[in-house]
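Predicted model, so just to flag it, every value in this text is computed and none were measured. Within every chain, numbering begins at 1; the chains are lettered A, B, ... in the order of the sequence lines, protein sequences first and strands thereafter.
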There are 2 protein chains.
Amino acid sequence: MVEDVVRTLGFLCMGSRLRRIGERLQADTQQIIDEIGLGIQAGQYPFLAAIDRAGPLTVGELAQAVGITQPGATRTTGQLLELGFVDMQPAPDDQRRRLVSLTDKGQELIDYSKISVWPRVAAAVADLCGDLDGPILEQLAAIEDGLAEAPLAQRSPAKEKTR
Amino acid sequence: MVEDVVRTLGFLCMGSRLRRIGERLQADTQQIIDEIGLGIQAGQYPFLAAIDRAGPLTVGELAQAVGITQPGATRTTGQLLELGFVDMQPAPDDQRRRLVSLTDKGQELIDYSKISVWPRVAAAVADLCGDLDGPILEQLAAIEDGLAEAPLAQRSPAKEKTR
DNA sequence: GATGGTTATATAACGTGTTATATATTTGCT
DNA sequence: AGCAAATATATAACACGTTATATAACCATC
């Protein structure tokens with residue numbers, strides 16, 4: 001068995017480490033989404049959630065809300081448009097801005113997700129790291145160990161905790 | 001100003017959040033590397049560090065050591081080969097395995113990085129989150145706030161803390 | 001009211017992760 | 001020995017982030 005360098009190097013590799021844990025969590029989340037059978041990518045949720053919370057937003061506002069760059073927001077918005085979850089129309093007062101709003105289909109997806117996917121994901125993540133405390137490196141180690149033991153999909157509220 | 005949905009949604013978006021913080025940290029680290037003038041990508045360091053610590057490793061062992069999949073390790077190894085930092089040769093006992101070792105140039109890079117880049121990065125990250133404690137969501141919020149105030153490059157040990 | 005700078009979005013090119021699959025070598029069984 | 005299964009690496013195709021730049025619309029000033 002080979003040493004996990006990223007873990008060993010601690011603060012030095014914290015960027016790589018956060019990133020790989022984030023990727024793992026998103027992949028696990030995707031698995032839950034697929035199990036429930038929704039045709040959406042985990043990374044697209046924050047966009048829909050932002051509009052659901054704040055009402056129609058422009059592409060730039062979406063980028064800010066989700067914390068990525070504008071070209072990334074443009075692309076994901078295009079995908080959501082393609083999938084029929086959102087609608088886009090120029091802002092009446094400023095033709096440069098494109099207002100992105102939820103379609104009925106998008107609103108339904110969100111409403112259903114709120115009762116099916118989101119609670120399950122949030123509970124699974126909380127099960128994984130909700131009770132943690134202490135220095136961040138220790139918590140990250142605990143999270144990685146936890147994920148190795150049981151992925152998010154096995155930490156859903158439906159399944160009784162056996163530990 | 002638009003609400004940061006990923007932060008607001010907490011555990012539900014923890015994957016996205018860890019990922020984006022990791023990307024930010026890596027970008028900041030890259031800036032420090034570039035300032036010092038080394039021709040390497042932040043994400044390539046863990047590969048060289050792994051070999052430096054453990055001696056020559058196969059592609060598969062590198063993937064394990066760095067915590068990514070094998071095709072990713074194959075690609076990065078190819079880049080490091082191209083850059084002249086590593087050498088590859090078939091393992092004597094098993095022609096399928098390719099042993100990756102540091103070249104003199106690679107070893108020099110590592111040795112120099114150990115005194116120039118690594119301490120600075122580790123100190124900057126420690127400055128950012130070394131003293132944190134408590135629930136992970138709170139720590140992540142503190143890290144994001146901290147990065148917004150001052151990127152890693154401004155948290156080097158050379159610069160006196162002004163706060 | 002034309003012109004130059006700013007702002008919003010789109011597009012292109014790239015980096016680096018993933019999954020799926022092809023290829024070559026080794027291993028193990030009859 | 002010979003052949004099937006397993007293993008190690010490479011390659012292809014894709015996801016999704018980035019930076020740099022093009023284009024269109026708005027605004028301010030002369």
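Scanning atom types as modelled, no donor and acceptor separated by under 3.5 angstrom connect the side chain of Gln95(A) and the base of dA24(D). One can find a donor-acceptor pair under 3.5 Å joining the base of dG17(D) and the side-chain atoms of Arg75(A). Residue Arg96(B) places no side-chain atom within donor-acceptor reach of the base of dT26(C), judged by atom type and a 3.5 Å distance cut-off alone.
Atom CD in Gln64(A) sits about 15 Å away from atom C1' in dT9(C), given to the nearest Å. Rounded to a whole Å, the CD atom of Gln89(B) is 18 Å from the P atom of dA8(D). Spacing between atom CD1 of Ile40(A) and atom C1' of dA15(D) amounts to 15 Å, rounded to whole angstrom units. Across the protein-nucleic acid pair, Arg24(B) atom CZ and dG15(C) atom P stand 21 Å apart, rounded to whole Å. Rounded to an integer number of Å, the gap from Gln26(B) CD to dC14(C) C1' is 16 Å. Rounding to whole angstrom units, CD of residue Glu82(B) and C1' of dG15(C) are separated by 16 Å. Taking atom CD on Gln31(A) and atom P on dT18(C), their separation rounds to 16 Å, with Å as the unit. One atom, CD of Gln44(B), and another, P of dC14(C), lie 17 Å apart when rounded to the nearest Å.
Side-chain contact between Leu102(A) and Leu48(A) is present, with at least one heavy-atom pair separated by less than 4.5 Å. Considering only heavy atoms from C-beta on, Cys129(A) comes within 4.5 Å of Val125(A) through its side chain. Gln107(A) has its side chain within reach of Asp111(A): a pair of non-hydrogen atoms, C-beta onward, lies under 4.5 Å apart.
Between Arg98(B) and dA10(D) there is a side-chain N or O to OP1 or OP2 distance below 4.0 Å. In this structure, Thr69(A) reaches the dT18(D) phosphate: one of its side-chain N or O atoms is under 4.0 Å from OP1 or OP2. The phosphate of dT9(D) (OP1 or OP2) has no side-chain N or O of Thr74(B) nearer than 4.0 angstrom. Checking the phosphate oxygens (OP1, OP2) of dC16(D), a side-chain nitrogen or oxygen of Gln41(A) falls inside 4.0 Å. Between dA8(C) and Arg97(A), a contact under 4.0 Å exists linking OP1 or OP2 to a side-chain N or O. Not one side-chain nitrogen or oxygen of Thr76(B) sits closer than 4.0 Å to the OP1 or OP2 atom of dG15(C).
Under 4.0 Å is where a charged nitrogen must lie from a carboxylate oxygen, and between Glu144(A) and Arg17(A) at least one such pair does. Classification of Lys114(B) and Asp52(B) as a salt-bridged pair holds, one side-chain N sitting under 4.0 Å from a carboxylate O.
Residue Gly60(B) is classed as a sugar-phosphate contact, given heavy-atom separations below 4.0 Å to backbone atoms only.
Closest approach to the Ile68(A) side chain among dT19(D), dG17(D), dT9(D) is made by dG17(D) (side chain taken as heavy atoms from C-beta onward).
For the residue pair Ser16(B) and Gln26(A), a side-chain donor N or O sits within less than 3.5 Å of a side-chain acceptor on the partner.
Comparing Arg19(B) and Gln70(B), the nucleotide of DNA chain D nearest to each residue sits closer to the 5' end for Gln70(B). Position along DNA chain D of the nearest nucleotide to Asp94(A) versus Gln79(A) favours Gln79(A) as the more 5'-ward residue.
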